[in-house]
Amino acid sequence: MKIKPIDATPSSTLYEQVADRIRTLISEGTLQDGDRLPSVRKLHQQLSISISTVLEAYRSLEDQGVIEARPQSGYFVKPVHLNPPDEPHQCTLPKQALPVDISLAFRVSETMRDTCNVGLGTAVPGIELLPVDALNRLMGKILRTNPALLHTYSPSNGCEALRHEVAKRLMEAGCSLSPDDLVITNGATEAIHLALRAVTKPGDIVAIESPTYYGFLEILESLHLKALEISTHPKDGISLEQLEIALEQRPIAACLLVSNFSNPLGSCMSDSKKKHLLELLERYDVPLIEDDTYGETFLSGHRPKAIKAFDTTERVLYCASVSKTLSPGLRIGWCAPGRYQMKVQQLKMAMNWTTAIAPQLTVAAFLSTGSYDRHLRHLRRAYQAQLSRMTQAICEYFPCPTRVTRPGGGHVLWLELPNEFDAMALYEKALEHRISVAPGNMFSPSGNYTNCLRLNCGLPWSQTINDAMQTLGSLVKQQLAKKMLGVEERNDGLE
Ligand SMILES: Cc1ncc(COP(=O)(O)O)c(C=O)c1O
């Protein structure tokens with residue numbers, strides 16, 4: 001293993017730089033739990049620094065609990081011996097469909113995007129993990145070789161080259177689609193927006209997972225749709241029993257869910273559940289909007305199949321993007337609308353005619369090079385390492401019992417704290433410490449989950465994140481202790 005040479009930067013000492021390098025190798029997954037670190041002598045030779053500097057770096061990492069010394073054997077990445085915390089409960093939900101109010105989500109997501117805060121609120125990958133240089137080089141080459149082409153419109157359903165690459169990749173999700181079955185969009189957000197518009201009218205009811213990605217709520221609100229929350233399990237997703245009861249009781253215009261590694265729960269439906277869901281929707285003749293934005297972020301085994309793979313009646317409007325794997329800023333997503341193809345294409349034209357051509361060609365070029373799979377392997381290792389470090393930090397710093405999800409993909413964790421915990425109060429307090437978190441009630445139109453939090457694990461582990469987690473843990477403990485005291489005081493008063 002080669003460690004990058006040390007720069008002579010005045011802002012940090014030599015030993016801190018060495019410790020940082022090792023921490024990065026661990027957070028990116030190059031060094032994994034139990035792996036042996038380079039010997040002190042080897043690092044001293046490789047980096048041309050003194051033995052005492054290497055030792056100081058290793059000792060500081062040891063103090064932080066990142067590595068451990070084993071007698072006569074050297075230094076090793078400290079395995080995360082977790083007694084994994086319990087997973088959150090499934091929630092009991094209101095039985096009526098509700099209009100959506102996104103004023104809270106809007107206010108909170110504004111502060112979550114503030115780059116001055118430690119970004120544990122938004123679900124974004126760390127920029128260090130994305131192939132920024134390769135994408136910039138490809139875009140530069142496209143700009144040089146095709147300067148005029150970039151200033152023209154692409155067809156409204158998107159560039160053929162990109163649709164071709166996406167259709168090829170979707171074979172791994174079990175889908176047999178031709179490039180003509182796809183419409184390229186501005187991210188998954190636009191794909192979902194178009195899909196919802198194609199199958200609903202204002203006032204309709206849409207069945208959603210609970211908790212659900214708050215971006216869905218923003219779209220539902222903008223289209224004047226009502227949301228019906230369906231209980232969802234952190235492991236295998238939406239409850240088909242609850243969905244069936246809902247379908248029996250009222251007209252539901254569409255079902256909208258994340259099939260693989262949902263946001264925020266990280267749940268992933270089994271193949272048999274995906275088939276049962278389709279059978280159920282077929283019985284009630286309801287279209288499904290499937291968001292598979294996280295499908296390629298599986299942490300072990302194989303890429304899970306899309307529900308679209310089992311769709312024999314063309315009722316699935318499949319949506320996804322490269323925002324969690326390549327670049328959220330290029331805004332490249334797609335929709336495979338099945339029987340609603342013409343409608344979605346027309347809506348896309350009416351909305352903004354087409355998606356900008358330069359990002360489309362850049363993503364097409366990246367997908368065609370074969371570098372994508374190599375990049376994904378690296379990214380998944382990094383997400384896995386980060387999820388496990390964050391879980392470890394929760395075990396260390398948060399009060400017991402804090403329940404935490406164990407997602408098999410994606411890069412977010414969902415935490416459930418005792419009922420008296422107030423996630424909004426923590427959100428406000430954490431902002432004073434320049435830390436952003438996503439309070440649970442953002443993920444529910446009925447304002448459920450006031451005792452829950454979502455944490456982003458997309459950023460490489462660092463001292464800053466460690467400190468932020470420690471601060472959050474103390475703030476949670478302080479808040480709960482105050483509440484306990486308050487209850488005791490009230491009880492005293494009553495007696
Ligand atoms: C489940 C889910 N779908 C869609 C999006 C947004 O995707 P895009 O940036 O491609 O519009 C997100 C972003 O967090 C997400 O979590």
Side-chain angles (χ1 to χ4, degrees), residues 102 105-106 108-110 112-113 119-127 129-130 158 162 166 169 182-196 206 208-220 222 227 232 234 237-238 255-269 288-298 304 306-307 317-336 348 351-352 355-356 359-360 362-363 383 387 405 407-414 436-438 440 442-444 454-459:
I102 51 130
F106 186 73
V108 172
S109 55
E110 282 293 288
M112 288 193 319
R113 286 189 200 108
L120 303 180
T122 39
V124 290
I127 202 82
L129 300 177
L130 302 176
L162 178 59
V166 172
R169 281 218 73 85
L182 291 159
V183 179
I184 302 298
T185 57
N186 288 301
T189 304
E190 189 185 50
I192 293 157
H193 189 115
L194 295 173
L196 274 169
V206 177
I208 55 168
E209 295 157 293
S210 184
T212 194
Y213 166 51
Y214 60 80
F216 291 172
L217 299 178
E218 291 172 341
I219 305 174
L220 291 177
S222 74
T232 301
I238 197 160
C255 179
L256 163 64
L257 51 77
V258 184
S259 46
N260 299 315
F261 317 122
S262 71
N263 173 6
L265 283 182
S267 52
C268 183
M269 296 169 76
L288 172 69
I289 301 169
E290 175 184 21
D291 179 349
D292 191 24
T293 297
Y294 291 92
E296 292 195 302
T297 64
F298 58 95
I307 302 176
L317 298 97
Y318 175 89
C319 305
S321 76
V322 294
S323 297
K324 308 299 168 184
T325 53
L326 269 188
S327 161
L330 285 178
R331 306 306 300 136
I332 293 297
W334 48 87
C335 182
K348 170 72 186 168
M351 188 112 132
N352 49 31
T355 300
Q360 290 195 59
T362 305
V363 172
Y383 283 165
L387 283 163
T405 46
H411 55 79
V412 295
L413 287 176
W414 179 254
S436 83
V437 296
M442 280 179 84
F443 300 84
S444 160
R454 187 196 68 183
L455 293 180
N456 177 31
C457 306
L459 309 176

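Along the sequence shown, the residues carry numbers beginning at 1. What you see below is based on every heavy atom in this structure, not just the backbone, and it leaves out hydrogens, waters and symmetry mates. In listed order, ligands and their atoms are each counted from 1.
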Evaluate the ring planes of Phe443 and Trp414, with Trp represented by its six-membered ring, and classify them as parallel (under 30°), tilted (30 to 60°) or perpendicular (over 60°). perpendicular
Tabulating one pair per line, provide the atom names and distances (0.1 Å) for every N/O atom of ligand 1 that is less than 3.5 Å from a protein N/O atom.
from     : atom 1 : to     : atom 2 : distance (Å)
ligand 1 : 3 (N)  : Asp291 : OD2    : 2.5
ligand 1 : 9 (O)  : Ser323 : OG     : 3.0
ligand 1 : 9 (O)  : Arg331 : NH1    : 2.8
ligand 1 : 10 (O) : Ala188 : N      : 2.8
ligand 1 : 10 (O) : Ser321 : OG     : 2.7
ligand 1 : 10 (O) : Ser323 : OG     : 2.6
ligand 1 : 11 (O) : Ala188 : N      : 3.2
ligand 1 : 11 (O) : Thr189 : N      : 2.9
ligand 1 : 11 (O) : Thr189 : OG1    : 2.5
ligand 1 : 11 (O) : Arg331 : NH2    : 2.8
ligand 1 : 14 (O) : Lys324 : NZ     : 2.7
ligand 1 : 16 (O) : Asn263 : ND2    : 2.7
ligand 1 : 16 (O) : Tyr294 : OH     : 2.9

With no hydrogens and no angle check, just 3.5 Å: does a side-chain donor-acceptor pair link Ser259 and Glu290? yes
Residue pairs passing the salt bridge (charged side-chain N to carboxylate O under 4.0 Å, His left out) test where at least one lies in residues 182-196, sequence neighbours excluded: Glu190-Lys348
Can you sort out the partners of Asp291 under salt bridge (charged side-chain N to carboxylate O under 4.0 Å, His left out), two or more places apart, ordered by chain and number? none
Among residues at least two apart in sequence or on other chains, which ones pass ring-ring contact (aromatic ring centres under 6.0 Å, His included) with Trp334? none
Donor-acceptor pair, distance only, cut-off 3.5 Å: does the side chain of Thr297 make one with the backbone of Gly410? yes
